[in-house]
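For reference, the structure discussed in these notes is given below.
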Amino acid sequence: MKLNPQQDEAVKYVSGPCLVLAGAGSGKTRVITNKIAYLVQQCGYKARNIAAVTFTNKAAREMKERVGQTLGKAESKGLMVSTFHTLGLNIIRREYKVLGLKAGFSLFDDQDQMALLKELTEKQLDGDKDLLRQLMSAISNWKNDMLTSEQVKGRAVGEQDQLFAFCYEMYLKQMKAYNALDFDDLISLPVLLLRTNEDVRKRWQGRIKYLLVDEYQDTNTSQYELVKLLVGERERLTVVGDDDQSIYSWRGAKPQNLVLLGQDYPSLRLIKLEQNYRSTCRILRAANILIANNPHVYEKTLFSEIPEGEPLKVLMAKNEEHEAERVTGEIIAHKFLNRTNYKDYAILYRGNHQSRLIEKWLVQNKVPYKLSGGTSFFSRAEIKDIMAYLRVLVNPDDDNAFLRIVNTPRREIGPVTLEKLGSYANMRGKSLFAASFEMGLEQHLTGRGLENLQRFTQWIVRIADNSERGNTVEAVRSLVRDINYEDWLYETSSSAKAAEMRMKNVSDLYSWIVADLEGDNYDQEEKTLKEVVLKLTLRDMMERGEEDEDNDAVQLMTLHASKGLEFPYVYLLGSEEGILPHQTSIDEDNVEEERRLMYVGITRAQKELTFTMCKERRQYGELIKPSQSRFLDELPQDDIEWESRKKPVSAEERMEKGQAHIANLRAMFKK
DNA sequence: TATAGTGTTATTTTT
DNA sequence: TAACACTATA
């Protein structure tokens with residue numbers, strides 16, 4: 001397919017900074033991939049001098065693959081397509097000494113971070129979960145705004161401000177002691193480095209001669225700063241974004257960066273992609289009219305050449321049980337009538353808990369479904385355990401990881417021993433691991449405890465030594481064998497089946513590592529455990545190639561998770577005041593972002609879109625009668641079919657038909 | 001170490 | 001209300 005004039009312009013404008021305002025479904029990924037190809041083939045750029053930055057690993061992988069298809073492997077060699085965080089990590093990895101880090105630093109994910117903060121602030125915050133969460137997001141914001149603990153202290157006004165500032169200082173100190181970084185550091189440290197060190201800045205500006213940024217509206221302050229520093233005076237930059245799809249401001253994203261861009265780069269060329277290749281006119285019209293209620297910096301109106309299509313539907317359900325029943329029935333009937341696949345349907349909702357009832361009904365009616373989100377692979381206990389072992393091998397001073405594994409499996413190193421070790425380590429300003437070798441420890445710990453502990457730490461020294469040499473995967477395998485982890489799983493799991501599943505996860509981890517090492521994701525001899533552990537924490541591994549058989553499933557996910565995806569038929573649950581403009585957003589007067597969320601949901605649909613709402617809903621134990629979402633009122637009413645409860649009988653009939661049809665199909669397949 | 005009982009909390013979560 | 005984490009108890 002040929003590019004349209006605007007896409008073409010966006011691809012070929014390379015002489016200055018360029019902002020591509022890409023509406024939903026307007027082919028922005030095509031523009032980015034074609035532009036990379038254009039830069040290499042027509043403008044004489046080497047692939048290794050081009051970097052493209054995305055927010056998710058998935059997006060990065062997809063883009064890499066598509067560029068590979070257009071350019072070929074040879075020509076795209078060295079091209080940097082990664083997330084912001086991976087890019088930051090790469091910079092840190094090469095410059096860590098300047099930053100005062102030791103080799104083999106640890107990377108803390110949110111859970112590690114939370115655990116550390118909890119431990120650190122037990123006295124100050126008294127285990128108040130809410131405060132703890134506030135503190136964590138405050139720290140994240142401070143790092144995003146590049147504030148040191150001194151600066152934060154200086155600004156603190158209230159009592160709580162000062163307390164938080166104190167906690168921040170402690171946190172930074174402790175992370176330093178652990179030789180550990182958190183996710184925010186992966187951006188802010190490179191920024192700091194590039195700001196202050198001219199050599200390093202020159203080196204990276206020379207390395208990255210053209211930079212492309214995807215989903216630019218989701219950048220936060222430090223990410224944009226990183227972009228500016230990498231781009232430098234040359235201003236060879238293309239960013240792609242859509243302010244109407246900014247739904248992560250609660251995570252620090254600053255959609256205002258779109259405006260700042262125009263100020264920082266006066267020669268900025270603005271290109272709008274307004275043709276939508278995804279949705280019917282009716283769907284698009286609804287989306288346009290809805291989002292017109294939000295203020296805009298850059299006006300844009302999407303249009304589509306796809307025919308009008310079906311009107312949008314609103315299903316009114318009696319209560320949430322009925323809502324789930326109706327949606328399930330609708331899907332079964334629709335599939336039967338239109339001979340579609342399950343995977344053509346998506347059910348979207350505001351909050352994760354909304355999936356429960358739907359799941360129940362889908363299961364009852366034997367409709368296969370795939371739930372995105374929930375506990376991810378990497379937050380499973382068994383994976384965290386193994387990861388903690390690997391982290392300790394790479395960085396024994398990582399007390400967090402050390403504590404997780406010291407008595408898992410059982411080594412008779414109980415709380416008492418650890419308590420004494422902890423206070424001794426604290427006194428000497430050493431990590432737990434390092435403290436276990438100190439002579440003075442014997443005055444605090446004796447007998448069995450000391451013996452067990454030292455046996456453990458000496459074992460670590462031995463294994464760590466081995467794992468640095470030789471085959472990385474083999475090192476992981478033999479580690480798991482060494483600690484009898486499988487036995488431990490069988491001992492502690494509620495059933496043999498559960499243990500099996502957990503062990504399967506562990507072996508999935510191996511195959512993940514194997515696949516990743518075999519791919520060309522590593523520079524020559526960088527296939528060390530260190531690198532693997534970092535990549536694992538960033539979840540930046542190759543996709544696992546399984547699950548193609550049971551792929552035909554209805555997609556269930558939150559509206560947030562649906563961004564960037566598209567589905568022929570979309571069901572949008574709970575279009576009610578209090579849910580879709582969420583109550584807290586109403587209270588905090590932030591309905592605009594909720595409207596964008598609705599907008600994202602609507603623009604996911606290609607052919608048909610159905611909203612649902614309940615007359616009654618149970619919330620925190622009490623029955624409430626929600627009113628319909630204000631967003632429904634904002635939609636063009638001519639394009640909407642309000643289905644009250646006029647023909648529930650026919651819906652049930654259709655559902656029965658659908659089930660009969662499925663039974664037929666099943667019978668046929670069995671033969 | 002499993003279990004029953006109690007308490008807590010209810011928005012989204014790219015890395 | 002319901003789901004979950006935590007803890008008291010045998």
Side-chain angles (χ1 to χ4, degrees), chain A residues 53-62 82-89 107-114 118 127-130 133 136-137 140 143-144 181-188 213-220 222-223 226 245-253 319-321 348-357 360 372-376 378-379 410 491-495 534-541 557-565 573-574 578-588 590-591 593-594 596-598 600-601 616-624:
Chain A
V53 191
T54 63
F55 277 84
T56 63
N57 292 310
K58 200 170 149 223
R61 259 193 313 265
E62 264 170 35
S82 68
T83 61
F84 267 104
H85 296 267
T86 304
L87 176 65
L89 176 64
L107 190 52
F108 276 24
D109 67 15
D110 308 10
Q111 286 182 44
D112 300 318
Q113 198 181 359
M114 182 60 110
K118 196 175 173 186
D128 186 324
K129 269 188 165 177
D130 196 47
R133 225 172 329 191
M136 194 150 121
S137 89
S140 181
K143 290 202 175 188
N144 288 159
L181 302 178
D182 61 31
F183 283 144
D184 296 317
D185 289 329
L186 295 184
I187 312 295
S188 59
V213 183
D214 191 17
E215 304 278 15
Y216 179 74
Q217 76 282 351
D218 289 338
T219 50
N220 63 32
S222 56
Q223 284 161 341
L226 182 60
Q245 292 187 67
S246 154
I247 52 175
Y248 282 106
S249 69
W250 51 275
R251 256 190 150 234
N319 52 39
E320 59 251 273
E321 193 83 33
L348 310 180
Y349 36 81
R350 177 68 236 255
N352 274 314
H353 65 276
Q354 287 177 276
S355 71
R356 281 204 195 101
L357 272 176
K360 184 177 129 194
S372 310
T375 29
S376 81
F378 288 95
S379 37
R410 280 242 117 75
E491 261 170 55
T492 52
S493 300
S494 50
S495 68
L534 286 172
K535 286 193 81 175
L536 277 170
T537 315
L538 278 174
R539 285 121 223 235
D540 185 13
M541 301 300 275
M557 66 190 79
T558 64
L559 286 161
H560 283 91
S562 76
K563 194 170 74 153
L565 305 175
L573 263 42
I579 293 192
L580 195 28
H582 194 272
Q583 191 56 48
T584 29
S585 300
I586 298 174
D587 296 343
E588 288 165 13
N590 185 24
V591 181
E593 181 142 319
E594 297 289 305
R596 290 195 287 270
L597 207 46
M598 178 70 126
V600 165
E616 256 178 22
R617 192 179 284 275
R618 202 167 270 291
Q619 206 169 46
Y620 309 149
E622 53 185 340
L623 213 55
I624 53 159

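Numbered from 1 within each chain, the chains take letters A, B, ... in sequence-line order.
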ring-ring contact (aromatic ring centres under 6.0 Å, His included) partners for A/Phe108, two or more places apart: none

Under the side chain to side chain donor-acceptor pair (under 3.5 Å) test, which residues partner A/Ser82, sequence neighbours left out? none

Earliest and latest nucleotide of DNA chain B, 5' to 3', sitting under 4.0 Å from a non-hydrogen atom of chain A? B/dT1 to B/dT15

5′-ward residue of the pair A/His353/A/Leu538 relative to DNA chain B: A/His353

Looking only at atom P, what distance separates C/dA2 and B/dT13, rounded to whole Å? 23 Å

Please write out the pairs of protein N or O atoms and N or O atoms of nucleotides 4-8 of chain C separated by less than 3.5 Å, giving the distance to one decimal.
none

Look at all strands and tell whether A/Asp184 reaches a base, only sugar-phosphate, or nothing, counting heavy atoms closer than 4.0 Å. nothing

How far, in whole Å, is B/dT14 from C/dA3 if one measures between their P atoms? 23 Å

Under the side-chain contact (heavy atoms from CB on, under 4.5 Å) test, residues paired with A/Gln619 that sit two or more places apart: A/Ile624

With A/Thr56 via side-chain contact (heavy atoms from CB on, under 4.5 Å) - residues at least two apart: A/Lys58, A/Ala59

Audit row: A/Leu597, A/Arg350, side-chain contact (heavy atoms from CB on, under 4.5 Å) steps and yes/no: CA-CA 9 Å; A/Leu597 207 46; A/Arg350 177 68 236 255; 3.4 Å; yes

Students often get this wrong, so: under 4.0 angstrom with heavy atoms, is A/Tyr248 touching a base, only sugar-phosphate, or nothing? base

Scan A/Asp218 against the nucleic acid and name what it touches under 4.0 Å (heavy atoms): base, sugar-phosphate only, or nothing. base

For A/Arg350, answer base if it contacts any base atom (sugar-phosphate contacts may also be present), sugar-phosphate if it contacts only those atoms, and nothing otherwise; contact means non-hydrogen atoms under 4.0 Å. base

Under a 3.5 Å threshold, yes or no: a donor from one side chain and an acceptor from the other, between A/Asp184 and A/Ser140? yes

Holding to salt bridge (Lys or Arg N to Asp or Glu O under 4.0 Å), I want the full list of residues that pass it with A/Glu616, two or more places apart in sequence or in another chain. A/Lys625

Counterpart residues, side-chain contact (heavy atoms from CB on, under 4.5 Å), relative to A/Gln111 (two or more places apart): A/Asp109, A/Ser379, A/Lys384

Sorted by chain and residue number, the side-chain contact (heavy atoms from CB on, under 4.5 Å) partners of A/Asp110 (sequence neighbours excluded) come out as A/Met136, A/Phe183, A/Arg251

By the 4.0 Å heavy-atom rule, please label A/Thr584 as base, sugar-phosphate, or nothing. base

Mind checking A/Arg133 for me? I need base, sugar-phosphate or nothing, with any heavy atom below 4.0 Å counting as a touch. sugar-phosphate

